[in-house]
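Notes to accompany the following structure.
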Protein chains: 2
Amino acid sequence: MEILAEKKKAILESTLKLIKENGFHGTPMSLVAKKAGVAAGTIYHYFDSKDTLIMELFAYTQHRIQEALQGNLQEGMDLQENFFLRWISRCQFYIQNPDVLFFLEQFMISPYYARCSQVTNERFRSEIMQFIEMGHRHGILRDIDQKLMSIMVHSSIITAAKVHLDGKVTLGDKEFRQLAQMIWDSIRKL
Amino acid sequence: MEILAEKKKAILESTLKLIKENGFHGTPMSLVAKKAGVAAGTIYHYFDSKDTLIMELFAYTQHRIQEALQGNLQEGMDLQENFFLRWISRCQFYIQNPDVLFFLEQFMISPYYARCSQVTNERFRSEIMQFIEMGHRHGILRDIDQKLMSIMVHSSIITAAKVHLDGKVTLGDKEFRQLAQMIWDSIRKL
DNA sequence: GCGCCCCGAATGAACGTTCAATAGACATAA
DNA sequence: TTATGTCTATTGAACGTTCATTCGGGGCGC
């Protein structure tokens with residue numbers, strides 16, 4: 001994700017926002033164009049088709065997530081604190097970037113997702129996976145398939161963020177720590 | 001959900017299957033008609049619009065879930081066993097009815113879902129909620145909002161079923177019990 | 001003049017929905 | 001029994017709309 005042309009970035013961001021508001025299929029290219037302040041044809045200068053636009057949007061969001069989440073780990077932190085930090089900061093990232101969250105949700109259950117390579121598929125969960133590998137090496141996590149565990153953890157994060165954003169239940173700092181504790185207790189050996 | 005006219009049921013079932021295969025918006029009414037063995041116009045005899053069809057499909061699946069899940073609880077079962085049974089049997093229901101699972105997933109993140117009343121919204125999670133209320137009354141569950149807890153539990157079930165169906169990780173009996181144990185440890189007081 | 005970026009009206013396909021027409025079931029009247 | 005009318009179930013071609021995509025052209029830097 002080098003320096004993106006202004007317009008290309010505008011198109012990606014507009015698509016992200018529109019998908020959040022109108023859903024995946026309630027976002028015609030014409031609307032994207034209008035919101036991005038470009039002509040319909042311009043989109044096709046940067047993207048082959050709507051499909052490619054969406055695939056690239058996935059890569060783009062992955063990039064944003066990784067950028068936001070790296071570097072909030074200090075040395076010598078104990079494993080539980082490390083987990084809490086990762087769980088809560090990712091949850092807060094989704095809450096602060098609801099458009100990314102909504103897009104990912106839609107994307108992950110769409111046929112597009114299946115089309116990405118396994119690797120691409122999982123990169124956006126990588127820092128969770130990384131933690132789980134470490135935890136296993138230390139022998140403090142349950143003996144459960146690591147990929148499965150990372151999917152379960154990630155799903156808990158997404159669910160919590162969604163509940164918060166929907167306003168179904170109001171979550172404060174205390175609740176986030178409680179949730180992280182729940183998930184932590186579900187993956188560690190008791 | 002009284003005795004449904006043959007055709008009405010055929011339309012609902014066809015829609016369910018098509019949505020699983022082609023996604024929510026890859027299922028035009030024309031395809032539904034063909035698969036159900038009726039003419040396009042016939043659908044509109046039973047449903048006002050595609051929207052209503054989908055809303056009724058939600059009610060229909062709710063009904064199927066409740067029917068399948070009621071009555072697998074025996075008296076005098078201890079709470080943990082009770083939870084395991086509920087968790088695993090719902091997970092297995094989703095695995096045996098992937099079309100229901102896929103539909104629910106799509107439905108829950110669509111604007112349709114927001115349009116249902118809160119009550120309708122939550123009825124299909126009711127037997128989980130019911131368990132959590134009971135657990136709280138017994139004082140064995142963590143002090144966390146019950147609705148939140150039930151959403152987290154349900155999301156874990158859906159995630160596990162999906163992982164299994166996607167073939168990302170193969171889950172056998174042992175794995176289901178391990179997962180149920182994980183979730184159990186995440187909601188009970190330690 | 002060539003290449004790049006950009007425009008937006010035009011195109012054509014796909015889709016949800018409508019409707020005039022048909023068929024059958026059932027009842028009533030002759 | 002036959003004729004007539006009514007009501008519901010069903011059909012599928014036709015309609016109007018929406019949408020992704022195309023394309024001929026314009027501006028601008030080199």
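Chain letters run A, B, ... following the sequence lines, proteins first and then strands; every chain starts at 1. Bear in mind the structure is a predicted one, so any value in this text is a computation, not a measurement.
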Tell me which nucleotide among [options] gets nearest to the side chain of [X].
X	options	value
B:Ser49	C:dC6, D:dC19, C:dT17	C:dT17
A:Met29	D:dA20, C:dC7, C:dC15	D:dA20
B:Thr42	D:dT10, C:dC7, D:dT21	D:dT10

Spatial distance of atom CE (B:Met182) from atom CE (A:Met149) [nearest 0.5 Å] | 5.0 Å

How close or far is atom [atom2] of [N] from atom [atom1] of [X], stated in whole angstroms?
X	N	atom1	atom2	answer
A:Leu31	D:dA20	CG	C1'	13 Å
B:Ile43	C:dC15	CD1	P	13 Å
B:Phe24	C:dC15	CZ	P	16 Å
B:Asn22	C:dC15	CG	P	10 Å
A:Lys34	C:dC7	NZ	C1'	16 Å
B:Tyr44	D:dA13	OH	C1'	15 Å
B:Leu53	C:dT17	CG	C1'	13 Å
B:His25	D:dC19	NE2	P	13 Å

Is the phosphate of [N] approached by [X] (side-chain N or O, under 4.0 Å from OP1 or OP2)?
X	N	answer
A:His45	C:dC5	yes
A:Ser30	D:dC19	no
A:Lys7	C:dC7	yes
A:Lys50	D:dT21	no

Is the B:Phe131 to B:Phe83 ring centre distance short of 6.0 Å?
-> yes

With heavy atoms under 4.0 Å as the rule, sort B:Tyr46 into base, sugar-phosphate or nothing.
-> sugar-phosphate

Parallel, tilted or perpendicular: rings of B:His164 and B:Phe176 (30°, 60°) = tilted

Among B:Lys7, B:Arg64, B:Lys8, whose salt bridge (Lys or Arg N to Asp or Glu O under 4.0 Å) with B:Glu13 holds?
-> B:Arg64

Does the side chain of B:Ser156 pick up a donor-acceptor pair with the side chain of B:Thr159 at under 3.5 Å?
-> no

Nearest-nucleotide wise, let me know which of B:Asp48 and A:Ala39 is further upstream toward the 5' end of DNA chain C.
-> A:Ala39

